[in-house]
Protein chains: 2
Amino acid sequence: MRAKETDDESGGTAPGGIQALDAALSVLRVLRSFDGPATLSDIAREAGMPPSKVHRYLASFIHAGLAVQKERSGRYDLGREAAELGVAAISRNNFVVRASDELEELAGVTGQAALLAVWSHNGPTVVRLERGPHLTTTSIGLGSTFPLLDSATGRVFLSYLPSPQLAVRLQNELERAASVGVSWPDLNPNPASVEALTTKIRRERIAYVDGRYIPGLIAISSAITNWQGEIEVAVTLFGTHRELLQPDSPARTALIDFASRHSIAPPAQLGKPRDARAR
Amino acid sequence: MRAKETDDESGGTAPGGIQALDAALSVLRVLRSFDGPATLSDIAREAGMPPSKVHRYLASFIHAGLAVQKERSGRYDLGREAAELGVAAISRNNFVVRASDELEELAGVTGQAALLAVWSHNGPTVVRLERGPHLTTTSIGLGSTFPLLDSATGRVFLSYLPSPQLAVRLQNELERAASVGVSWPDLNPNPASVEALTTKIRRERIAYVDGRYIPGLIAISSAITNWQGEIEVAVTLFGTHRELLQPDSPARTALIDFASRHSIAPPAQLGKPRDARAR
DNA sequence: AAATTGATTGCATAATACGCAAATAAGAAC
DNA sequence: GTTCTTATTTGCGTATTATGCAATCAATTT
């Protein structure tokens, strides 16, 4: 086996780590990058390794529950342990944990469905979902992602997240909107208009959409920010009634209050709740 | 390094896999099992490995983004990539499809007919059906729905689904039972008795009926839950032999195991209080 | 039926992961 | 401020084992 002298290639080895493990974990990342089940050959090609090597890695992943092999076709997919690892990682985020505790209450008092979303590489991602009293059966589920411009949740991240992470994604959505000819009532597909919108969202602490992303679905969203003013979580209420949008609606007030209470005010105060004790 | 001759120890190696990778993944699982950041020593002790070995694994995990090292004190925690991996696994994880793959096997080893049911607006609805070796011709088919109180499947949904969605339906069935004069051996038509029954079902992870809904038909059912502890699917075994009901019957054990394997265990922090609780 | 594609498994060998122990760093005690 | 204690990190030699190759097995197509 050859050791890498220069790690200028993508996926170099870890300093002080283990080469075999680095290689294996890169396979895991490849497996994740597929949209669904993948064949051994595809995974091996994408990872740039011989299939036999990848096959042995996958055997261990399956043993650990991180991967599964479907039926007899031999295609590989992520397994249950991968999901549990993810929820464990998410639950380490204290903002998510604390907001989750009260999300059900928020859904109850507002009479709407509620969700929490965090930023992942696919964009805003649902990590918690509380269906309201009116069981609105939507296509939204755990792990769903939203667009930046066409969703209330996406617009909140657009307004609070630093530009670099958003730039390419925003550019794509703007171009796509321009080519398809979509336009918004409150937004034109140019940077100045986007800037005006995000400023407004930050000022009002609310973003909303009125049935554009999913026809007939009304949603309002607000940001939970950390001590640096960066967004940690977006809280979103959604339903089918337009009164959600009115400036003085109880639901809107409750949402802003909820987000404020779970945010840490920019002028950091001393009584800051420390993170939970280990064990 | 010593190779395991006997894999009777917990956490044996994978057949055809890689020993180093198995060891590393067991460390990852240990890291997940903590509620928060953990020290190297703790992780090593819990994993039963020398700290130096674990340290090298963690270096690779950090390189892959699966773990992070907080501050300079050197405590380790799950990283961003772990969360990404999880949402990828969840978003492509369809509980029905996943469970369907093994439903035939479950029917085979238990010698019973098996079905999967989800909640729809008509109540518990059969979405997959596997007739057992003894082709019991019943009136159950794809799209069939069950009552809440007179079926094992219905009782599982009754025990796991939030009250609002069930309230009217439950009320109807209770009233109807009272008017017709039906009674159950394990249930009286009042809220307190229903509560006692559902508590028992959640504790034992099993609901059953003994030929009441369909005369002569014995059924046991268990819940597959998602990472919020909400029911996604009910798995039901049914046949004509009463040994299904015995606490130590192989079929019952296999059913509970099946449901557990397909459920995603919610972490402690996100554990939702099942019943109403004052804050 | 033949052929093609893809998954799995022996095998020999060289590469490397392991354990041990030294070194470094961080806290605690005084 | 200095010493003591505890915990994390890193060399190093060797035996273990991960690897590439190629054969085998299975499944699907021509």
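Just so it is clear: chains get the letters A, B, ... in the order the sequence lines come, proteins before strands, and each one is counted from 1.
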Of the candidates C:dA7, D:dT17, D:dT8, the side chain of B:Thr39 sits closest to D:dT8
Can you check the A:Lys70 NZ to D:dA27 C1' distance for me, whole Å?
20 Å
Side-chain contact check for A:Ser41: nearest option of C:dT8, D:dA18, C:dA7 is C:dA7
Between CD1 of A:Ile18 and P of D:dT16 the distance, given in whole Å, is 17 Å
If you look at every strand shown and take non-hydrogen atoms under 4.0 Å, does B:Ser52 touch a base, only sugar-phosphate, or nothing?
base
Is there a side-chain contact (heavy atoms from CB on, under 4.5 Å) between B:Leu115 and B:Arg128? Walk through the geometry before answering.
CA-CA 5 Å; B:Leu115 63 80; B:Arg128 200 111 330 174; over 6 Å; no
Taking only the side-chain nitrogens and oxygens of B:His55, find out if one of them lies under 4.0 Å from OP1 or OP2 of D:dT8.
no
Taking OP1 and OP2 of D:dA7, is either one under 4.0 Å from a side-chain nitrogen or oxygen of B:Tyr76?
no
Decide yes or no, distance alone: a donor-acceptor N/O pair under 3.5 angstrom between the base of C:dG6 and the side-chain of A:Arg75.
no
Which residue lies more 5' along DNA chain C, comparing A:Pro51 with B:Lys53 via nearest heavy atoms
A:Pro51
Would you indicate which nucleotide in D:dA18, C:dC18, C:dG10 comes nearest to any side-chain atom of A:Arg56?
C:dG10
Could you check whether B:Ser260 and B:Asp257, counting side-chain N and O atoms only, form a donor-acceptor pair closer than 3.5 Å?
no
Taken to the nearest whole Å, CG/A:Leu21 to P/C:dT16 is 14 Å
Answer yes or no: does a side-chain N or O of B:Gln69 lie under 4.0 Å from OP1 or OP2 of D:dA7?
no
Roughly how far apart are B:Thr110 OG1 and B:Leu237 CG, rounded to 0.5 Å?
4.5 Å
Considering heavy-atom distances to DNA chain C, does B:Ala23 or A:Leu40 have its closest nucleotide positioned more toward the 5' end?
A:Leu40
Distance check needed: D:dT16 P versus B:Asp22 CG, whole Å only.
18 Å
Measure from CD on A:Gln19 to P on D:dT17 and round the result to the nearest Å.
17 Å
B:Met49 CE to C:dC18 C1', in whole Å, measures 12 Å
If you count the non-hydrogen atoms of other residues, nucleotides and ligands that lie under 6.0 Å from CZ in A:Arg176, is the total more than 12?
no
Can a donor-acceptor pair be found between the side chains of B:Thr145 and B:Asn122 at a distance below 3.5 Å?
no
In whole angstrom, give the distance that lies between atom CD1 of B:Ile62 and atom C1' of D:dT9.
12 Å
Whichever of A:Gly16 and A:Pro50 has the more 5' nearest nucleotide on DNA chain D, that residue is A:Gly16
